[in-house]
Amino acid sequence: QLQLQESGPGLVKPSEILSLTCSVSGGSINRSDYYWGWIRQPPGKGLVWIASIYYSGNSYYDPSLRSRATISLDTSKNQFSLKLNSVTAADTAIYYCVRSWGCGGDCYSDYWGQGTLVTVSS
Amino acid sequence: QSALTQPASVSGSPGQSITISCTGTSSDIGGFNFVSWYQRHPGKAPKLIIYDVSNRPSGVSNRFSGSKSANTASLTISGLQAEDEADYFCSSFTSSSNVAFGGGTKLTVL
């Protein structure tokens, strides 16, 4: 059974870098069938897709976050990561890592991590 | 503000059917048949229950069904059960080549 687990600091100071890692077990991320990505949910709001990456390394970002976000793969560790620069309180959210497929890309997320709350505060 | 609009809450009694709407535009729901729905119980990860507008992943109850008309997608749950009480989110592929989500609907089983 595939499992995804987010890890990273739960508290980040404004203007600093938010860094999260998703460890994948029960299957390899180095395959062509799926995309690996990040989705977040700010308090009291809906889900927001952030970014995804293909096994080849091709990455895709939400336009509003493209300038601040970087997603990467580490196939040797079966992990992928998200870095978000210059964070503000608006980046406070539960962050989920996901496996996605469909519509020729990453429309549907069938495996999710449990989510990790990241709070941006001084 | 979420890109797709869902009612904040719906409710129903056991055995009844309920429908949750998800309204977008011609740039998302109306333009593509790539609509999905997720169920999330408190403290749990979301679960994919509908994809490609009306398809169910293996293992998802046939009490869940999806449909679409113009710019609005709908999730119908028939034979409501206590275990269906959860938050439900819709999503759609968009003309910007990304995925938009709804704000979520809290389903209460009375």
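Heavy-atom basis, side chains included; hydrogens, waters and symmetry copies ignored.
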Q: Could you tell me which non-hydrogen atom of B:Ser91 sits nearest to which non-hydrogen atom of A:Cys107, and how far apart they are?
A: OG-O, 4.4 Å
Q: With rounding to the nearest 0.5 Å, note down the distance linking OH in B:Tyr38 to OG in A:Ser109.
A: 4.0 Å
Q) How many angstroms lie between atom CZ of B:Phe32 and atom SG of A:Cys103, to the nearest 0.5 angstrom? A) 9.0 Å
Q: Compare every heavy atom of B:Pro46 with every heavy atom of A:Tyr96, then report the nearest pair and how far apart it is.
A: CE2-CD, 3.8 Å
Q | Heavy-atom closest pair, residues B:Phe101 and A:Leu47 | A | CB-O, 3.2 Å
Q.
Can you tell me which portion of A:Ile94 sits under 4.5 Å from chain B's heavy atoms? Options are side chain, backbone, both or neither.
A. neither
Q) Hey, does A:Gln41 have a side-chain heavy atom less than 4.5 Å from the side chain of B:Phe89? A) yes
Q: Please look at A:Tyr60 and chain B and tell me whether the side chain, the backbone, both or neither of the residue comes under 4.5 angstrom of a heavy atom of that chain.
A: neither
Q) Any idea which heavy atoms bring A:Gly113 and B:Ala45 closest together, and the distance? A) O-CB, 3.2 Å
**Q.** Closest heavy-atom pair and its distance - A:Gln114, B:Gly43
**A.** OE1-O, 3.5 Å
Q: May I have the step-by-step check of ring pair (Phe, Tyr, Trp, His ring centres under 6.0 Å) for B:Tyr51 and A:Trp101, ending in yes or no?
A: CA-CA 10 Å; B:Tyr51 67 96; A:Trp101 53 272; 5.1 Å; yes
Q) Stepwise, does the side chain to side chain donor-acceptor pair (under 3.5 Å) test hold for A:Tyr108 with B:Asp52? A) CA-CA 9 Å; A:Tyr108 310 127; B:Asp52 286 350; 2.6 Å; yes
Q) Looking at side-chain heavy atoms only, is the closest gap between B:Asn98 and A:Pro63 below 4.5 Å? A) yes
